[in-house]
Structures are given as structure tokens and as C-alpha cells.
Amino acid sequence: MYLALLVIFLQCSELYAQGKVYQVFTFNGVKIKVEPSDKVKNGAPMSIICHADISKNTDFQLKHNFTFFKDGKLVFMAISDKEDARYEIPVAKSADTGDYECRVKAGDKLVISKPIYVWVAGMTKPILTADKKEVSEGEIVKLRCELPEEVPPLEFFFRKTKTNSEPIEKRVAEQNQNFSEMEYYVEAGDNILQFDCFGKRQVKSGWESSQHSNKTLVTVKEPFRKPTLITTPSNNFTEGDIIEFECSTVAAEMRGIEIIFQKNRTILNSVRDKKFLKYSTLATQEDSGEYLCKVEQGAVSKTTKLNVFVSELFPKPTLSASMTQLDENKDLILNCSINGLRRANFSILRKSSSGDILLKKSRILAIKVNVNDTGSYTCKAEVKGIVKESKPVRISVYAPVSKPTLSVVSGSPEVVLGKPLQLICHSVMGTPPITFTFYKGDEIKKNVTNDTYATFLDEDIGLNDNGGYKCDARNNHSSGVKTSNILNVTVIVPIRGASLGSVPYGEVEVGSDTTFLCSVNEGSWPIDFKFFKKTDHEVLLHEVREYSDRTIWHKKTMKRKDTGTYYCMASNRASVDVRSHPITISVILAAWQKGVIAAFVLTAMAGAGAVALWWFLRKKKKAKGPSMEMSGSALAPNLTSEKLTRPPSDGNYYSGSGYIEDNENHMKSTDESKGPDLESAEVDYTEVEVSTLDPHRDSMENRHSRIYGHPDAT
């Protein structure tokens with residue numbers, strides 16, 4: 001029975017599996033739209049609708065996850081088995097403006113719609129509040145403007161309107177808040193102030209503005225009134241009148257009140273904690289102009305202006321001089337006068353840095369002047385207490401210039417050819433300014449006006465410019481021009497082209513004289529000539545000063561050590577050393593010295609041959625009786641000890657040192673007989689060295705005699 005039921009179950013399961021269908025769906029797209037439109041008025045309702053277009057293989061239910069985003073931020077989510085979802089906004093605000101998109105997820109599939117821009121037109125009306133409704137002049141009123149329900153960044157505009165005036169606007173940008181604050185200083189003269197504000201935000205199409213806020217009124221109180229400024233008896237005066245000024249104000253509290261009276265920028269008088277100020281002065285023409293009365297308390301300042309005119313009582317005096325430039329010890333007359341007026345108190349003064357010096361209380365001054373009277377003079381005139389001063393007159397008194405001296409700045413009256421020459425012209429006496437004139441020959445080169453001296457730089461020095469300079473000096477003295485003595489300047493030509501020669505040239509015999517000639521191609525005299533020999537360091541051999549372009553130096557008794565390289569150097573006052581090309585001198589042996597050396601050598605060779613012949617004959621004689629000499633001769637021990645062997649028969653070998661000593665003595669005596677001349681010539685003598693017989697060696701090994709000598713001695 002159970003087996004039958006199992007078979008039936010399996011059969012039914014197989015039939016059910018054959019009848020089941022696999023569910024398939026796909027997104028055709030997702031769209032988003034706005035109702036009533038994508039531009040909505042601020043405060044109106046709007047709906048964001050997201051629709052998913054899906055295809056299915058059969059009719060089956062499918063869950064949809066809807067997600068709404070504004071400017072990339074999540075704003076709404078919904079899950080539905082329908083293909084539509086709505087995001088309702090009952091009251092649209094400007095903050096709802098932005099890009100919206102919708103994302104739909106079903107199963108493991110996700111599709112995103114294209115974004116749509118929604119513009120909520122219009123902004124909320126701002127709210128303006130003030131911290132005070134009544135303020136005094138000089139105080140601060142603080143305003144706050146808020147845009148509720150708006151999202152920053154925003155811009156706020158505050159407006160201040162005075163009575164019968166245009167609004168004054170101020171802008172504030174806020175990046176992180178939807179309100180802004182502004183402080184206003186209440187100025188003097190403000191009465192009733194009206195404030196309002198509005199806001200702006202940036203949208204894709206540009207800037208959008210809000211409505212203007214409510215108007216806020218602020219009443220202003222005066223701490224004191226604008227001052228009153230009056231003059232008595234009127235505003236028009238004549239020089240010599242008394243002008244009286246009075247400045248006053250009305251204040252609720254006098255504490256801290258300050259009244260300042262000034263003309264232009266100069267304060268004439270001031271008082272504190274008082275209602276009025278008085279000021280009086282003797283009227284002069286300079287008192288004409290604008291006066292100010294200023295009342296200040298804390299930050300409040302009020303000003304009243306008044307113009308005053310003062311007419312002239314008499315014109316300024318005029319000072320005239322008989323002469324303005326005159327020689328010392330001349331008469332000067334100064335005269336002070338007023339046009340159209342003769343009765344006045346006159347005085348004549350001299351201006352000084354330490355103050356005016358009164359010379360005479362009179363309209364006329366006559367003096368005999370000296371140089372110290374040079375300066376500026378004025379005169380003053382007084383009528384009815386009014387003192388007026390004339391324009392200054394400059395008086396110049398001149399002492400005559402002394403004869404100028406012309407000299408070279410460097411001191412020496414000479415100049416190197418091609419170098420500039422600077423001259424100075426100086427006058428010890430004379431009232432400046434002095435005009436100096438420089439001449440080169442009869443040609444004017446330069447005019448200089450200075451106090452006591454002037455300089456002239458002549459950069460065009462030629463070979464023939466040996467003199468002709470002078471200078472003139474003059475000032476405004478009537479004596480005229482003074483001329484210096486003529487200054488002759490020597491033009492120094494630098495040395496050029498030094499050369500050195502010798503006689504004989506190249507080779508010089510020992511003991512003979514040599515003549516050196518050093519000359520130059522060009523150069524001013526005198527010329528300093530120096531002769532040098534080059535060694536490890538420069539050796540000065542001879543120096544001389546010549547008034548010529550050449551010099552000769554005789555060097556006597558040349559020695560072997562004088563062999564070497566020579567050169568000369570020439571210089572003059574141009575301070576330029578010119579060096580010649582070097583020459584080489586070789587000092588060699590004289591002919592007679594070579595003959596003496598050859599004679600010594602031949603004599604030595606002849607003596608050596610005689611000794612060799614003697615030795616050879618002696619040995620030959622002894623060889624005839626060798627047995628007798630070997631048996632009992634008294635010389636046998638010595639011969640045995642020396643172990644002599646038979647020498648060869650060529651006769652070139654000898655023994656003993658007696659000849660060497662004699663030869664040396666002979667050479668010394670011969671050398672001494674030559675006298676000082678030969679010694680000073682430093683002859684290289686030939687030395688003869690004779691080798692002795694070595695008894696321990698074969699006779700063929702005896703050393704040969706050698707001859708050393710100068711190659712020329714052969």
C-alpha cells in the first residue's frame with residue numbers, strides 16, 4: 001500500500017515539474033517627470049513621478065524599490081508592486097530647486113533615469129528686525145535680515161533711507177547661513193531712518209531676488225544742536241577793527257561737550273563743558289576767509305561755517321634800493337614807501353636766520369657797504385596798530401677777485417701722452433659766485449661758475465701741447481677780469497721699442513771686454529737704462545740715466561761665469577718699463593790659453609813616455625840573470641812581497657808615484673808663473689793621473705793613465 005502511494009507521489013511531482021514556467025523580466029527604461037511642470041511657483045504643490053517600463057514573460061507580481069535624489073542627495077524612497085511612484089511636495093520652496101533623478105531596483109537589476117531640473121520660482125519674503133527703535137546721534141543700530149526656509153549660499157542687501165533721500169544699499173554674502181546682520185552708525189543730522197532688506201540666490205538662469213522685507217523705522221534723537229556762529233558788529237571789517245566771534249550750541253547734557261573754533265586748519269580757540277565760545281582779534285587783511293565752529297560729543301560732530309571779509313586799510317610798503325649789486329665801500333640807499341600814504345611808522349630791517357635785525361626806524365637808510373652787508377632787506381609800516389611788511393630785496397656786495405693761480409691737480413706740470421690732464425684754477429680772494437674761464441692757447445675750453453675754484457679736464461693731449469694753458473676769474477665786481485700766469489705743461493712720450501746689442505756678439509774670449517748698447521725707438525728724456533742678467537732671479541748689473549735715446553755700457557775682463565742671457569730695460573717719467581729682447585753671451589778660452597794647455601799636455605805625454613822606456617829597459621836587464629836575483633838578492637823579500645809579474649813589452653805601464661808629485665808640482669809652478677791675468681781668466685787645467693802597478697794583478701790589468709780637459713784645449 002505504501003509502495004503504491006510513493007509511486008503515485010513521484011508521478012505527480014514529475015507532472016508538476018513538467019508544468020512549471022521560469023519567470024523572466026527586463027527594464028525597457030525609467031522616466032521621471034514633474035507635475036504640474038518643471039517650473040513651479042514658490043508655495044504651490046508639486047509632484048515628482050518616477051515610472052518604470054518593464055516587460056515580463058508572464059503575468060507575475062514584481063516588487064520595485066524607488067529612490068529619489070535631488071542634486072545627488074537622497075530625498076525619498078518607496079517600495080511598490082506598481083510601476084509608478086510619486087514624491088509629493090505640498091508647498092514648494094526655492095530650496096526645492098535642483099536636479100532630480102530616480103533609481104528603480106527590481107530583483108538584482110537596477111536602472112537610473114535621466115535627471116530633470118526643477119525650478120521653484122520666487123523666494124520667501126525676508127524678515128528684518130532692529131535691536132533699537134530709538135537711538136541718539138553717534139550710536140549704533142544693529143539689523144538682522146533672515147530668509148526663512150531658504151538654503152545658503154545667499155546674498156543679503158540692506159537698505160538705509162533718510163527722510164527725502166535715496167536709499168543707501170550695502171551687500172553681504174553668506175555661505176553657510178540663511179540670515180545676515182549689519183550695523184549702522186547713526187550720523188549727525190539723521191532724523192527718522194527707514195530700513196529694509198531683500199535676498200538673492202543663484203540659479204541656472206542667473207540670479208533670483210526675493211521680495212523686500214518689512215520696513216523698520218528708527219527714530220533718532222539729537223544730543224546737541226548744530227552750533228550757531230556769529231560776528232559783531234557785522235561780517236565786513238576794515239583792517240584795524242576788532243572782530244568778535246561767538247559760537248554756541250544747545251545740549252541736553254553738557255558733560256563731554258567740546259566747542260572748537262578754527263580758520264582753515266588752524267585752531268584759534270576751544271572750550272569744554274560749556275555752551276558757548278568767544279574769540280576776538282584785530283582785523284587784518286589776512287583775517288579774511290572762512291571760519292568754522294565745531295561742536296563734538298563722543299562720536300558726534302556738528303559744524304557751522306561763516307565767511308568774513310576784511311578790507312585793506314593801506315597797501316603793503318615797497319622797499320627800493322639804489323643798487324642791488326655793488327662793490328664794497330660803495331654807498332647804498334634803501335627807501336621804504338607806501339603808495340598813496342605818507343604818514344606811517346617805518347622801520348628797515350635785515351633778514352637773519354636767528355630773527356630780523358632792526359637797522360633803523362625810518363623810511364630811508366644810507367650806509368657804506370662791505371662784503372658782510374650782503375643779504376636780504378625788508379621794511380615795515382605801521383598804521384593804527386596794523387603792521388605790514390614789504391617783499392625782501394636782495395643786496396649783493398662784491399669784493400674783487402684776486403689773480404687766479406693755475407696748476408695741475410697731480411702737482412707736477414707734466415702729462416703723459418694719451419693721458420688726461422686735470423687743471424685747477426683758484427682765486428684766494430673774491431666774492432662768489434666767481435666765473436672761471438679756461439684757455440688752451442687762445443681757445444676757450446670751458447666756463448665754470450663756482451665759489452673759489454674750478455677744474456678743467458683736458459682729454460685731448462697731443463705731442464705738441466707743451467704749454468699755453470691759462471685761466472680767467474671774474475665776479476660782479478667792477479674791477480673786471482683777472483688772468484693767471486701761463487702754465488707750460490710738458491708732454492711725456494712713453495718709451496717704445498727697447499733693443500739690446502753687444503760687441504762682440506755671441507762669443508767673447510775670457511779676459512776681453514764687451515760693449516753693450518741699449519736703445520729705444522721713442523721716449524722723452526731723460527731715460528733710465530738698466531742692464532740685467534737672467535739667472536734664477538733677475539740680477540741688476542748696471543743702471544744709468546741718459547738725456548739720449550741710447551746708452552753704452554763697457555763690461556771689462558769677461559769671465560767664464562759671465563756666460564748667460566742679458567737684457568736691458570728703459571723707463572722715463574711716464575712710469576712705463578719697456579724690456580728688450582734677450583741676447584745670449586758665451587765666454588770662451590783665449591787662443592794663447594789654449595796653446596798653454598796644449599803645451600802642458602804634450603810635456604806630460606813626453607815625460608810619461610820617458611819613464612815607460614826607462615822601466616822597460618830596466619826590466620829587460622834584470623831578465624838576463626833571474627836565478628841569481630831569485631836566490632839571494634837583498635831585494636828578494638820586497639819583490640816577493642809585491643808579487644811582481646813580468647809586464648808586457650808595450651811600455652805603457654809604470655809604477656811609483658814620484659812622477660805624479662813632480663808633475664803636480666810642475667803644473668802648480670807653471671800655473672803660478674802665469675800671473676793674475678791667467679788666474680782671472682779661470683782656465684780649465686788638464687790633470688794627469690798616473691796609476692801605480694798592482695802587485696796582486698796581472699800586468700795586463702794595470703790601469704791606463706787618463707787626461708781630462710776642456711774640449712777646446714785639444
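One-based numbering along the sequence shown.
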(Q) For Ile495 and Val576: C-alpha separation, side-chain torsions, deciding distance, then whether side-chain contact (heavy atoms from CB on, under 4.5 Å) applies. (A) CA-CA 7 Å; Ile495 300 297; Val576 177; 6.0 Å; no
**Q.** Full working for salt bridge (charged side-chain N to carboxylate O under 4.0 Å, His left out) between Glu443 and Lys445
**A.** CA-CA 6 Å; Glu443 181 183 359; Lys445 284 297 185 180; 3.5 Å; yes
(Q) side-chain contact (heavy atoms from CB on, under 4.5 Å), that's the test. Do Val578 and Ser571 meet it? Break it down for me. (A) CA-CA 6 Å; Val578 178; Ser571 63; over 6 Å; no
Q: Keeping the roles fixed (side chain from Ser499, backbone from Ser580), state whether a donor-acceptor pair exists under 3.5 Å.
A: no
Q | Donor-acceptor pair, side chain of Ser519 and main chain of Arg550, under 3.5 angstrom | A | no
Q.
Donor-acceptor check, side chain of Ser524 to backbone of Val493, threshold 3.5 angstrom: yes or no?
A. yes
Q. About how many Å separate CD1 of Ile367 and NZ of Lys360, when rounded to the nearest 0.5 Å?
A. 11.0 Å
Q) Can Leu334 and Tyr377 be said to form a side-chain contact (heavy atoms from CB on, under 4.5 Å), step by step? A) CA-CA 9 Å; Leu334 299 175; Tyr377 294 79; 3.8 Å; yes
Q) Can you check whether Ala399's main-chain N or O pairs, donor with acceptor, with Thr431's side chain at less than 3.5 Å? A) yes
Q | Single hit among Thr514, Leu541, Leu517 for side-chain contact (heavy atoms from CB on, under 4.5 Å) with Trp553 | A | Leu541
Q.
With a 6.0 Å cut-off (strictly less than), is the heavy-atom count around NZ of Lys482, excluding the residue itself, greater than 12?
A. yes
(Q) Side chains of Thr563 and Lys561, heavy atoms from C-beta outward: is any pair under 4.5 Å? (A) no
Q.
Given the ring of Tyr567, does Arg579 sit roughly above its face, with NZ or CZ under 6.0 Å from the centre of the six-membered ring and within 45° of the axis?
A. yes
Q. Considering only heavy atoms from C-beta outward, does the side chain of Val489 approach that of Leu421 to under 4.5 Å?
A. yes
Q.
Among residues at least two apart in sequence or on other chains, which ones pass salt bridge (Lys or Arg N to Asp or Glu O under 4.0 Å) with Asp562?
A. Lys555
(Q) Quick check for you: to the nearest 0.5 Å, what is the distance between Tyr439 atom OH and Cys425 atom SG? (A) 10.5 Å
(Q) Side chains of Ser320 and Asn335: any donor to acceptor distance under 3.5 Å? (A) no
Q: Calculate, to the nearest 0.5 Å, the distance between atoms CG and CD1 belonging to Asn450 and Ile434 respectively.
A: 8.5 Å
Q. Going through the distances and angles, do Phe438 and Tyr469 end up as a ring pair (Phe, Tyr, Trp, His ring centres under 6.0 Å)?
A. CA-CA 7 Å; Phe438 290 89; Tyr469 291 98; 9.2 Å; no
Q | Nearest-0.5 Å distance, NZ of residue Lys419 to CD of residue Glu414 | A | 14.0 Å
**Q.** Short N-O contact, Glu389 and Lys351, less than 4.0 angstrom
**A.** yes
**Q.** Closest non-hydrogen atom pair, Arg560 against Val587
**A.** NE-O, 3.1 Å
Q. Does any donor atom in the side chain of Thr378 or Ser390 lie under 3.5 Å from an acceptor atom in the other side chain?
A. no
(Q) Within the 3.5 Å criterion, strictly below it, is a donor on His426 or Thr405 matched to an acceptor on the partner's side chain? (A) no
(Q) For the backbone of Pro433 and the side chain of Asn475, can you confirm whether one donor and one acceptor N or O come within less than 3.5 Å of each other? (A) no
Q. Among Phe532, Phe531, Phe516, whose ring-ring contact (aromatic ring centres under 6.0 Å, His included) with Tyr566 holds?
A. Phe516
(Q) Could you check whether any side-chain N or O of Lys403 sits under 3.5 Å from a backbone N or O of Ser484, counting only pairs where one atom can act as donor and the other as acceptor? (A) no
Q | Heavy-atom closest contact (Ile552 atom, Thr515 atom, distance) | A | CG2-CG2, 3.2 Å
Q: Could you give me the CA-CA distance, side-chain angles and deciding distance for Glu382 and Lys380, then say whether side-chain contact (heavy atoms from CB on, under 4.5 Å) is met?
A: CA-CA 7 Å; Glu382 180 184 358; Lys380 292 183 179 180; over 6 Å; no
Q. Rounded to the nearest 0.5 Å, how far does CG of Asn572 lie from CZ of Arg545?
A. 9.5 Å
Q.
Taking atom NZ as the centre, does Lys316 end up with more than 12 heavy-atom neighbours from other residues, nucleotides or ligands that are less than 6.0 angstrom away?
A. no
Q. Are side-chain heavy atoms of Lys388 and Pro315 found at a separation under 4.5 Å?
A. no
Q) With no hydrogens and no angle check, is any side-chain donor or acceptor of Ser502 less than 3.5 Å from a backbone partner on Pro504? A) yes
Q.
Taking Pro432's backbone N and O only, do any of them form a donor-acceptor pair with Asp451's side chain (distance below 3.5 Å, no angle check)?
A. no
Q) Under 3.5 Å, is there a donor-acceptor pair between the Thr551 and Glu546 side chains? A) yes
Q.
For the backbone of Thr266 and the side chain of Asn264, can you confirm whether one donor and one acceptor N or O come within less than 3.5 Å of each other?
A. no
Q.
Here's a test for you: under side-chain contact (heavy atoms from CB on, under 4.5 Å), which of Thr455, Leu406, Val408 qualifies with Ile424?
A. Thr455
Q: For the pair Arg573 (side chain) and Pro494 (backbone), establish whether a donor and an acceptor sit closer than 3.5 Å, ignoring hydrogens and angles.
A: no
Q.
In the structure I gave you, are the side-chain heavy atoms of Asp327 and Val397 within less than 4.5 Å of one another anywhere?
A. no
Q) What residue among Asp472, Thr437, Thr435 forms side-chain hydrogen bond (donor to acceptor under 3.5 Å, both in side chains) with Asn447? A) Thr437
Q: Would you kindly check if the NZ (Lys) or CZ (Arg) of Lys446 is within the cone defined by 45 degrees around the ring axis of Phe456 and under 6.0 Å from the six-membered ring centre?
A: no
(Q) So, taking the atom named OG1 in Thr318 and the one named CG in Asn339, what distance separates them when rounded to the nearest 0.5 Å? (A) 7.5 Å
Q | Note: Lys440-Asp458 ion pair, threshold 4.0 Å (strictly below) | A | yes
